[in-house]
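Some notes on the structure that comes next.
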Amino acid sequence: MHARNQRQRFWTANARGYSLIELMTALTILAIVAKIAMPHFDARRVDVVTAQRIAIANLRIARSNAITKSIHYQISIPTTTTIKMTRMLESPAGSGTWIADSAFVAQTITVPVGTQFKSTSVSTTIEFNSRGLATGLSAVKQLDVQDSFSVTKSLQVWPSGQVNEL
């Protein structure tokens with residue numbers, strides 16, 4: 001009997017783990033933290049970043065096309081919700097001016113629902129030449145995208161043609 005008592009004490013003395021109360025307390029705290037954090041994971045809040053990245057991507061594509069195809073490309077923001085990419089042709093008169101290529105179907109990209117360009121960005125036109133420079137820009141141009149929560153994301157286009165997010 002003495003050996004049996006020793007074995008029983010061995011198992012109970014070394015039994016480690018969490019009690020049911022400790023597990024329930026930890027799960028309750030985890031649930032409270034998740035409930036507090038949940039409003040910050042609203043999918044609509046991600047849309048403003050998506051809109052900013054769409055604008056950056058299209059500006060970079062236009063610049064890349066201008067360099068690789070040795071012709072001018074233009075990005076314009078005709079409305080608060082659209083970006084338009086147009087291929088340009090040198091005017092036949094040889095004056096050094098570039099006009100929109102009527103044979104090229106301009107790409108119009110819409111930003112995600114609930115986001116829009118700020119009014120200061122509307123009617124902006126940025127043209128990239130065959131060396132990748134943004135023609136007509138003498139200073140950095142900032143474009144702002146805003147969502148329905150008034151969260152704003154910005155990007156910059158430099159005269160050198162570089163496009164950066166802020």
Side-chain angles (χ1 to χ4, degrees), residues 26-27 29-166:
L27 287 175
I29 291 171
L30 185 63
I32 291 169
V33 169
K35 181 88 170 160
I36 291 169
M38 199 53 80
H40 298 286
F41 295 112
D42 190 351
R44 295 173 298 174
R45 291 186 156 273
V46 177
D47 290 342
V48 71
V49 175
T50 303
Q52 176 196 35
R53 295 210 173 139
I54 286 171
I56 290 170
N58 282 286
L59 284 159
R60 289 179 178 168
I61 288 169
R63 182 174 187 245
S64 176
N65 284 344
I67 294 168
T68 58
K69 297 177 182 177
S70 295
I71 57 173
H72 288 215
Y73 270 79
Q74 182 183 63
I75 293 287
S76 60
I77 302 173
T79 68
T80 58
T81 59
T82 57
I83 304 168
K84 185 176 178 183
M85 184 187 315
T86 308
R87 183 172 64 192
M88 309 295 282
L89 292 176
E90 193 167 6
S91 65
S95 63
T97 60
W98 292 77
I99 57 173
D101 182 358
S102 59
F104 178 75
V105 177
Q107 295 176 318
T108 302
I109 299 96
T110 304
V111 294
V113 174
T115 62
Q116 63 182 10
F117 286 98
K118 282 191 169 180
S119 59
T120 55
S121 300
V122 175
S123 300
T124 297
T125 300
I126 299 169
E127 187 176 323
F128 294 101
N129 66 15
S130 59
R131 295 183 305 173
L133 302 174
T135 62
L137 283 184
S138 58
V140 176
K141 178 68 179 173
Q142 182 170 321
L143 303 174
D144 300 311
V145 183
Q146 188 174 24
D147 68 3
S148 56
F149 299 103
S150 296
V151 174
T152 301
K153 292 289 184 176
S154 301
L155 60 110
Q156 291 178 329
V157 182
W158 292 71
S160 64
Q162 295 295 314
V163 180
N164 303 320
E165 67 179 86
L166 294 177

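What's counted below: heavy atoms across the whole structure, side chains too, no hydrogens, waters or symmetry copies.
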**Message:** How close do L155 and Q52 get, counting heavy atoms only, and between which atoms?
**Reply:** CD2-O, 3.9 Å
**Request:** Return yes if a side-chain donor-acceptor contact under 3.5 Å exists between T97 and S91, otherwise no.
**Result:** yes
**Prompt:** Does the side-chain contact (heavy atoms from CB on, under 4.5 Å) test come out yes or no for V48 and F149, once each step is laid out?
**Reply:** CA-CA 10 Å; V48 71; F149 299 103; over 6 Å; no
**Prompt:** How would you list, by chain and number, every residue that makes a side chain to side chain contact (heavy atoms under 4.5 Å, CB included) with Q146, sequence neighbours excluded?
**Reply:** K118, S150, T152
**Asked** To the nearest 0.5 Å, what is the distance between CD1 (I83) and CD1 (I54)?
**Response** 6.5 Å
**Asked** Looking at residues at least two apart in the chain, or sitting in another chain, which of them share a side chain to side chain contact (heavy atoms under 4.5 Å, CB included) with I67?
**Response** R63
**Message:** Going by salt bridge (charged side-chain N to carboxylate O under 4.0 Å, His left out), name the pairs with one or both residues in residues 98-117, residues two or more places apart or in two chains.
**Reply:** R87-D101
**Prompt:** Under the side-chain contact (heavy atoms from CB on, under 4.5 Å) criterion, do N164 and L166 qualify, and how do the steps go?
**Reply:** CA-CA 7 Å; N164 303 320; L166 294 177; 5.7 Å; no
**Message:** Once side chain to side chain contact (heavy atoms under 4.5 Å, CB included) is applied, do any residues pair with A51, and if so which ones, sequence neighbours excluded?
**Reply:** V111, P112, T115, V145
**Asked** Does anything in residues 46-78 pair up under ring-ring contact (aromatic ring centres under 6.0 Å, His included), and if so which pairs, sequence neighbours excluded?
**Response** H72-W98
**Message:** Just so I know, are the side chains of V113 and D47 near enough to count as touching, which here means a heavy-atom distance under 4.5 Å?
**Reply:** no
**Asked** Is there a side-chain contact (heavy atoms from CB on, under 4.5 Å) between T124 and V157 once you walk through the steps?
**Response** CA-CA 11 Å; T124 297; V157 182; over 6 Å; no
Would you tabulate the side-chain donor-acceptor contacts of residues 128-140 under 3.5 Å, counting partners in other chains and residues two or more places apart, or write 'none'?
residue, atom, partner, partner atom, Å
N129, OD1, R131, N, 3.0
N129, OD1, G132, N, 3.1
N129, OD1, L133, N, 2.9
T135, OG1, E127, O, 3.3

**Item:** Distance in Å, K153 NZ paired with T50 OG1, rounded so as to fall on 0.5 Å steps
**Value:** 11.0 Å
**Prompt:** Between NZ of K141 and CG of L59, what distance do you get to the nearest 0.5 Å?
**Reply:** 12.0 Å
**Prompt:** Among all residues two or more places apart in sequence or in another chain, which pass the side-chain hydrogen bond (donor to acceptor under 3.5 Å, both in side chains) test with Q142?
**Reply:** D144, S154
**Item:** Where S121 and L143 come nearest, the two heavy atoms and their spacing
**Value:** OG-CA, 3.5 Å
**Request:** Report yes or no: do T79 and T82 form a side-chain donor-acceptor pair below 3.5 Å?
**Result:** yes
**Request:** Under the side chain to side chain contact (heavy atoms under 4.5 Å, CB included) rule, collect the residues that match up with S76, sequence neighbours excluded.
**Result:** P78, K84, T125
**Asked** CD1 of I109 to CD1 of I75: how many Å apart, nearest 0.5 Å?
**Response** 6.5 Å
